[in-house]
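Just so it is clear, the model here is predicted, and its values are computed rather than measured. Within every chain, numbering begins at 1; the chains are lettered A, B, ... in the order of the sequence lines, protein sequences first and strands thereafter.
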There are 2 protein chains.
Amino acid sequence: MAQKQTADFETRESSGDRLLAVLALFTIERSEWTVEDAAAQLGVSAPTAYRYFKRLTVAGLISPVSGASYTLGPAIIQMDRQIQISDPMLRAARGVMHDLIGHAAEGSALLLCRLFHDRVMCVHQVLGRGPQAPVSYERGRLMPLFRGATSKIILAHLQLRTLKSLFERDGAEIAAAGFGGTWDAFRTSLGAIRRDGFIVTRGEIDAGRVGIGVPVFDKDRTILGSLSFALSEARAGTALIERLTPLTVAGARDIERIMNDAPSSQVSSARLRVAR
Amino acid sequence: MAQKQTADFETRESSGDRLLAVLALFTIERSEWTVEDAAAQLGVSAPTAYRYFKRLTVAGLISPVSGASYTLGPAIIQMDRQIQISDPMLRAARGVMHDLIGHAAEGSALLLCRLFHDRVMCVHQVLGRGPQAPVSYERGRLMPLFRGATSKIILAHLQLRTLKSLFERDGAEIAAAGFGGTWDAFRTSLGAIRRDGFIVTRGEIDAGRVGIGVPVFDKDRTILGSLSFALSEARAGTALIERLTPLTVAGARDIERIMNDAPSSQVSSARLRVAR
DNA sequence: CAATAATTTTCACTATGTGATAATTTTGTG
DNA sequence: CACAAAATTATCACATAGTGAAAATTATTG
C-alpha cells in the first residue's frame, strides 16, 4: 500500500525519529561522533544537531569525551543493568547455566537467547573451560531467526499467525534456510521440531560448532527464548550430544520453575549475583 | 518571559524530551509499561503515546512483551556491548584486572569506574574468591562524586575550573564529605591526594569495606576514570593494603600503556550487523 | 590573556506533533 | 475458526514546537 514514489527518495523523517537516528549513529565501527559530523551525516543544521545532542546527553544516552566528541553514555550501562536485574528469565537462568556448563566438553559455550518482537538476541552466555572457537551468538548480538538451533527452536514455537506472516514476508530466506519453499513444508518441519522438544544443528551459524537448542516458556506456555549449547564439533560425539540434550532440556525446565516460583515483585534485592 | 506561576508546576516539555521521558519510565522498580499507563503518567493522549512507543520500538530501545506491555529492548543490550567492545579503557582493563584480582584477599572486589561528564559509573567489576560482602559499586550504578576512594581519586584530578563550579554548586555535599567547607580546604586536600597518586578510604560507601583508588589517565593525562580495590575490612590489614596499593597503581599504568599502544581503529571483529 | 573553536540564543516561519474521533488490526476465548 | 473486546493505527484541522541563518556567548588552547 504505502508505496513510495521514485521521485521522493529521501525518507521524510520526523523530529523524534531524527533524535533516535543520532543515537543510532554510534556503532562499533564508529563509536565517537562530533556534533558537526553528525549534523552533516543527518543533513540537519548545527544548532539542531546541538539540540539533539543536548537532549541525549541530559538523558545520559550519550556523553561528551575529550575533544568535541561524544560516546554512548552511562544510561546505556544503567539500563543494561536494569535488564540484567529485572528480566525474570535472565535472573532465573544465571545459576542454572553456571551449573550446566560443568557438564560440557572443553571449548563449549552455553547461551541464553531471548525473543524480542521478531528477532532473537543472546542475553547471557557462559563459556566452558578451555580454548574457545568463535561463537557468533555473543551477548548483545541480534541473530537470524531462521538459522541455528538457538533460533530454530524459538521459531518452532511462535504462534501460527506469526509464522504465517513471517513466511509471507521472508519466504525466500526461509527456503534458503532449508525449510522447503512451501508453507506446508515449513509448517511440517516446525511441527516436528516442536514435537521433539529440542533441536540439534551443525555448522549453521559457525563452522565447527554443533548447537543444541531447547525452548524456554513462560507461565502461559508462550515462548520466551531458548537455552542452547554451542559445542565444538571436533569434541562433540553422538554420545556427548545424547548426554547433554536431556540435561539442557532439564535446565530449561529448571529456569521455568525458578521463574514461576520467583516473587512477581521484581524489586526485591537489587544485588546482582555474579558468579566469580 | 515564560515564567510559570506556581499553579503550573509541570515543566513544559518538548516533544523530543517526552520521547526520552518514555524511555526513562522503564526503571528497576517498574520494568514494564503499557501504552496507556505511560500516556497517563506523561499526560499525553493515547495516540501520542502509541507514536512514542512505536518510535522507540522501531529503534529497538523498547520491545513488546506478552500482554500489552513493553520492556527495555534489544538495542540497549546491543549498545552496552558496543561500549564493552569499543571503550578503550574498558578493553585495556579487562586483562589487567583479571590478573590483579589474584593478588587480593578473599572477599575482595576490583572495580573499573569511568567519569561520565560529572558523574562516576562502574563499568567493569571483577570479584575475588570467597564470599562477598555487598559492593555498592556495581557495574551500571551511578556513584556519588565526593565519597569513596573510587570517586575521590577521580575528583582530585578534575580540571580546576570544573572543581570550582562543582564547589559552587555542591558545596554543602562537599563539606559533608569531609573536605572542609572552604574552597581552599577542598583544593588543598585534593592536591594532597593528587600528590600521593592514590587514596585509601574506609567505610565511606559500604561499611566494612576498605577502598584503594588509583587514577587512570588518557594519552593527554586527562582523567578518564579509576581502578580501585574494595577490600573486606576484616581481612585487610595494613600489610595487605601496603602490598596491594603499588600493584593497583601498576595496574592503572598497565591499562594506560595497553590503551595507548592499541590500534586506534577499534574495529577488530567487524561483524555486528544483524544477519537478519 | 588573546585567538579560535564550540555551543547557545534569537527570531521569523512552517513543518511536525497533537488530540478527538473513527477505522482497523490484533488478541483472547468459547 | 469465528466472535467480541482490546489494542493499535489512520484521519484531519489546528497550533505548538522544531527549524535554519546569523549573531552572541561561552569554552578551549596556545
Open item on the list: Among C/dT7, D/dT28, D/dG20, which nucleotide has an atom closest to any side-chain atom of A/Ala68?
Closed with: C/dT7
TODO: Mind checking side-chain hydrogen bond (donor to acceptor under 3.5 Å, both in side chains) for B/Thr34 and listing every partner two or more places apart, or none if nothing turns up?
DONE: B/Asp37
Open item on the list: So, using salt bridge (charged side-chain N to carboxylate O under 4.0 Å, His left out) as the criterion, who are the partners of B/Arg51 when residues are at least two apart?
Closed with: none
Task: Partners passing side-chain hydrogen bond (donor to acceptor under 3.5 Å, both in side chains) against B/Arg161 (at least two apart in sequence or in another chain) - done: B/Gln159
Task: d(CG, A/Asp37; P, C/dA6) in whole Å - done: 10 Å
TODO: Measure from the side chain of B/Val35, starting at C-beta and using heavy atoms only, and say which of D/dT8, D/dA22, D/dT29 lies closest.
DONE: D/dT8
Open item on the list: Counting only heavy atoms and a strict 4.0 angstrom limit, can you tell me which residues of residues 49-64 of chain B come near DNA chain D?
Closed with: B/Tyr50, B/Lys54
TODO: Measure from NZ or CZ of B/Arg221 to the centre of the six-membered ring of B/Phe217 and say whether it is under 6.0 Å with the direction within 45° of the ring axis.
DONE: yes
Task: Between P of C/dT7 and NE2 of B/His117, the distance in whole Å - done: 12 Å
- [ ] Could you pull out all residues at least two apart from A/Glu256 that satisfy side-chain hydrogen bond (donor to acceptor under 3.5 Å, both in side chains)?
- [x] A/Arg253
Open item on the list: Using OP1 and OP2 only, check whether a side-chain N or O of B/Ser15 sits under 4.0 Å from C/dG17.
Closed with: no
- [ ] Under the ring pair (Phe, Tyr, Trp, His ring centres under 6.0 Å) rule, collect the residues that match up with B/Tyr70, sequence neighbours excluded.
- [x] B/Phe53
Task: Contact nearer the 5' end of DNA chain D, comparing A/Ser45 with B/Pro47 - done: B/Pro47
Open item on the list: I want to check one thing: is the phosphate of D/dG18, taken as OP1 and OP2, less than 4.0 Å away from some side-chain N or O of B/Ser14?
Closed with: yes
Open item on the list: Just the rounded figure in Å: distance from P of D/dG18 to CZ of A/Arg18.
Closed with: 11 Å
